[in-house]
Each structure stands twice: as C-alpha cells, then as structure tokens.
> 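Could you have a look at this structure, given as structure tokens, before my questions?
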Amino acid sequence: MALKKQILFIRHGQTDWNNEMRYQGQSDVPLNAEGIEQADRVSLRLAASFEADLIVTSPLLRARRTAEIIAARQSSNVLQVREGLKEIAFGEWEGLSVSEVEARFPEEHSQWRKDPSTLVPRSGESFNEVRQRVAEILDEILKRDEERILVIAHGGSIRTALVELLKVSSSLVWRMRLDNCSISSIHAYRSVMMLSFLNDAMHLYVPREIIQQLPLSS
C-alpha cells in the first residue's frame, strides 16, 4: 500500500442524452461525435502530464469508450473494469429529461436534488446503495500499491466518490459541477484525503496543438 496517491476522476464524454439533459443512469448510451472528440482531447492532456499506474472504468459504454481512448495514449494501457463505478440507477426517471422529471415528480425531484440520501427515485437505486458500491472500489484502490490512478466514470458515481473520500454531507453532491471529460483530483496521504482540484476542463476549450502544454497539478 502506497503512503501517497493521486487519483484523477474523469467523467465520460458527451452523449446525445447529455445534450438533451436526460437522466441516463444505467442505460447504455454511447458517446456522440463530440464526446469522442472530448475523450481524445482529455487523452492528449493526460498523456503529457499524468502517467497512470492503474486505470479503472465503469463498464457502461460511454465511460468504457472514454477510458479506451485515454488508455491508448498511456503506457499502462490495460483497463480494469469495475461494476461498482456504474452510474446511479434512476428507475422511472431514466430516459426522461430534467424538465419531464420535474413535471411528473416535482416534490420527489426537489427533495432528491437537495440531498439524494433522503429519497430514492421510483424503482431506482438509493444513494446509500451507490455509496456502498463506490466505497468498495475506493477501498480497493487505496489499499493497492499503485500511486497514480485514473478512474473513468459518471457524474453521479464520481460525486459519490468525492463525498465518500472527503467525508462531507451528501447534500453537497449536486453542488459539484462536473463537465463531460473534466478532470478532478484527490491527493491521499495515509488516511488523509485532500481535494486538489475539481472540474478542470481547459483541454476542451483550447486549440488542439496546445493541449499538451497545459499544466496539471501534481
């Protein structure tokens, strides 16, 4: 077990459902053309600034494809898939747009957005269930010897991981902005977890030829 680690969390690239502001959950929605471009851009950034010892990904297509594009430019390019990194299962909300969910389930949606631990989407997964499966993956990662780790997952599962690692209230989950293919970083020293940065997506907005010049906090 390494005393010091850096874990980078990468949210998957864009999908058509992202564009339409639909709850994707565990529906296996693929990346769209923009999402593939985003994944390629973040892979360029990481290739120049972060050599991973370990790469793990959610098995859902949008995350796994993002991870494959990233891994292709890493020397440690073997992906390890973890079921526990899947997105939250949204039940009856899945496939609906945010405005549709607000219209059909106004009180439930409002309460869930305030604190997802206090309400379960109909036929969906509770926050505690998500937190438990994500925590198992984090515990495995923290016990391993690798020091530089890439985790490619989803907005919900990454936010849950950050809540778990930082031991903060679940009411903060939806106050963390996580753009598609953004990078967020946790530094771990022994049992102390520190948020280094959140939602760094600069690589999506600069000319491709200077992406590899962008710094990344070490």
Side-chain angles (χ1 to χ4, degrees), residues 2-19 24 29-82 85 87 134 137-138 141-142 144-159 161-162 165-166 176-189 193-218:
L3 295 179
K4 294 167 60 179
K5 291 179 184 284
Q6 185 176 16
I7 307 171
L8 295 188
F9 293 94
I10 317 297
R11 187 183 175 196
H12 63 78
Q14 185 187 96
T15 70
D16 287 342
W17 280 21
N18 285 138
N19 275 346
Q24 297 182 106
V29 184
L31 298 180
N32 60 21
E34 179 63 22
I36 292 171
E37 170 66 13
Q38 290 173 338
D40 191 55
R41 281 172 164 265
V42 75
S43 76
L44 283 169
R45 175 111 182 253
L46 294 169
S49 57
F50 191 88
E51 185 174 345
D53 304 315
L54 174 67
I55 307 172
V56 295
T57 181
S58 157
L60 294 177
L61 185 59
R62 58 193 184 273
R64 185 158 184 167
R65 182 67 184 121
T66 301
E68 288 169 350
I69 293 168
I70 291 169
R73 286 195 169 103
Q74 291 282 318
S75 57
S76 298
N77 63 1
V78 177
L79 291 181
Q80 298 189 16
V81 176
R82 295 292 184 274
L85 292 173
E87 181 59 291
V134 169
I137 306 301
L138 296 174
I141 287 172
L142 292 171
R144 295 178 64 123
D145 290 333
E146 292 91 346
E147 295 184 0
R148 294 163 67 83
I149 300 151
L150 287 174
V151 177
I152 297 90
H154 309 269
S157 53
I158 293 173
R159 289 179 177 97
L162 295 175
L165 288 170
L166 299 172
M176 302 178 194
R177 176 168 171 164
L178 287 179
D179 294 334
N180 291 113
C181 277
S182 65
I183 308 171
S184 299
S185 173
I186 289 281
H187 276 83
Y189 179 70
M193 304 294 154
M194 295 162 283
L195 179 64
S196 180
F197 58 84
L198 182 74
N199 198 45
D200 181 346
M202 186 63 67
H203 45 277
L204 302 182
Y205 305 109
V206 299
R208 284 181 63 89
E209 60 269 20
I210 68 169
I211 289 174
Q212 292 189 305
Q213 300 173 30
L214 295 174
L216 189 71
S217 178
S218 60

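Keep in mind that this is a model prediction, so the values were computed, not measured.
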> Would you sort out whether Leu165 and Leu138 count as a side-chain contact (heavy atoms from CB on, under 4.5 Å), showing the intermediate values?
CA-CA 8 Å; Leu165 288 170; Leu138 296 174; 3.8 Å; yes
> Should Phe197 and Leu216 count as side-chain neighbours, where that means a heavy-atom distance under 4.5 Å?
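Yes, side chains in contact.
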> Under a 3.5 Å cutoff, is there a donor and acceptor pairing between the side chains of Gln24 and Thr15?
yes
> For the residue pair Pro30 and Leu61, what are the closest heavy atoms and their distance?
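Heavy-atom minimum between the residues: CB-CD2, 3.7 Å.
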> Identify the two heavy atoms, one from Leu195 and one from Ser185, that lie closest to each other, and give their separation to 0.1 Å.
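Closest pair (atom of Leu195, atom of Ser185, distance): CD1-O, 3.5 Å.
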> Taking the side chain as every heavy atom from C-beta outward, state whether Val42 and Ile70 have any pair of such atoms under 4.5 Å apart.
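Val42 vs Ile70: side chains touch.
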> So, for Gly13 and Asn18, which heavy atoms are closest and what is the spacing to 0.1 Å?
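Minimum heavy-atom contact is O-OD1, 3.8 Å.
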> Indicate whether any N or O donor in one side chain lies under 3.5 Å from an N or O acceptor in the other, for Asn180 and Gln38.
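Absent: no donor and acceptor within the cut-off.
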> Begin from the C-alpha positions of Arg65 and Leu60 and carry the test side-chain contact (heavy atoms from CB on, under 4.5 Å) through to its verdict.
CA-CA 8 Å; Arg65 182 67 184 121; Leu60 294 177; over 6 Å; no
> For the residue pair Gln80 / Thr57, report whether a side-chain donor-acceptor contact shorter than 3.5 Å exists.
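Not at all, the side chains of Thr57 and Gln80 share no donor-acceptor pair under 3.5 Å.
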> Regarding Ser58 and Glu87, is there a side-chain donor-to-acceptor distance under 3.5 Å anywhere?
no
> Can you tell me how far the CD1 atom of Ile7 sits from the CD1 atom of Ile149, to the nearest 0.5 Å?
5.0 Å
> With side-chain contact (heavy atoms from CB on, under 4.5 Å) as the criterion, how do Arg11 and His154 come out once you've worked through the C-alpha distance, each side chain's angles and the decisive distance to 0.1 Å?
CA-CA 5 Å; Arg11 187 183 175 196; His154 309 269; 5.7 Å; no
> Given Arg73 and Ser43, is the side chain to side chain donor-acceptor pair (under 3.5 Å) satisfied, shown in steps?
CA-CA 6 Å; Arg73 286 195 169 103; Ser43 76; 2.6 Å; yes
> Going by the side-chain contact (heavy atoms from CB on, under 4.5 Å) test, name the single residue among Leu85, Leu178, Leu198 that passes it with Ile158.
Leu178
> Would a 4.5 Å heavy-atom cut-off, applied to side chains only, mark Asn32 and Ile36 as touching?
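Heavy-atom side-chain distance check fails, nothing below 4.5 Å.
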> Do you know the tightest heavy-atom contact between Ala52 and Ile55?
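Minimum heavy-atom contact is CB-CG1, 4.0 Å.
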> For a side chain to side chain donor-acceptor pair (under 3.5 Å) with His203, tell me which candidate from Arg41, Gln212, Arg45 qualifies.
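Of Arg41, Gln212, Arg45, side chain to side chain donor-acceptor pair (under 3.5 Å) with His203 is met by Arg45 alone.
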> Using side-chain heavy atoms (C-beta onward) and a distance below 4.5 Å, is Leu166 in contact with Ile186?
yes
> With the threshold set at 4.0 Å, does a side-chain nitrogen-carboxylate oxygen contact exist between Glu37 and Arg208?
yes
> Run the side-chain contact (heavy atoms from CB on, under 4.5 Å) check on Ile10 and Leu46 step by step: do they pass?
CA-CA 10 Å; Ile10 317 297; Leu46 294 169; 4.1 Å; yes
> Would you indicate whether the side-chain heavy atoms of Val206 and Ile211 approach each other to under 4.5 Å?
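Side-chain contact under 4.5 Å: yes.
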> Does some side-chain heavy atom of Asn199 sit less than 4.5 Å from a side-chain heavy atom of Ile183?
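Of all side-chain heavy-atom pairs linking Asn199 with Ile183, none is under 4.5 Å.
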> Over all heavy atoms of both residues, which pair between Phe50 and Gln74 is shortest? Give the atoms and the distance, please.
O-NE2, 2.9 Å
> Side-chain contact test, heavy atoms from C-beta onward, threshold under 4.5 Å: evaluate it for Asn19 versus Gln14 and give yes or no.
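Sidechains of Gln14 and Asn19: in contact.
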> Answer yes or no: is there a side-chain heavy-atom contact under 4.5 Å between Thr66 and Arg62?
no
> Answer yes or no: does atom CE of Met194 have more than 12 heavy-atom neighbours from other residues, nucleotides or ligands under 6.0 Å?
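More than 12 within 6.0 Å, yes.
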> Which is it for Glu51 and Ser75 under the side chain to side chain donor-acceptor pair (under 3.5 Å) test, yes or no, and what are the steps along the way?
CA-CA 7 Å; Glu51 185 174 345; Ser75 57; 2.8 Å; yes
> Under 3.5 Å, side chain of Lys5 to main-chain N/O of Glu146, donor-acceptor pair present?
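Yes; at least one donor-acceptor contact below 3.5 Å.
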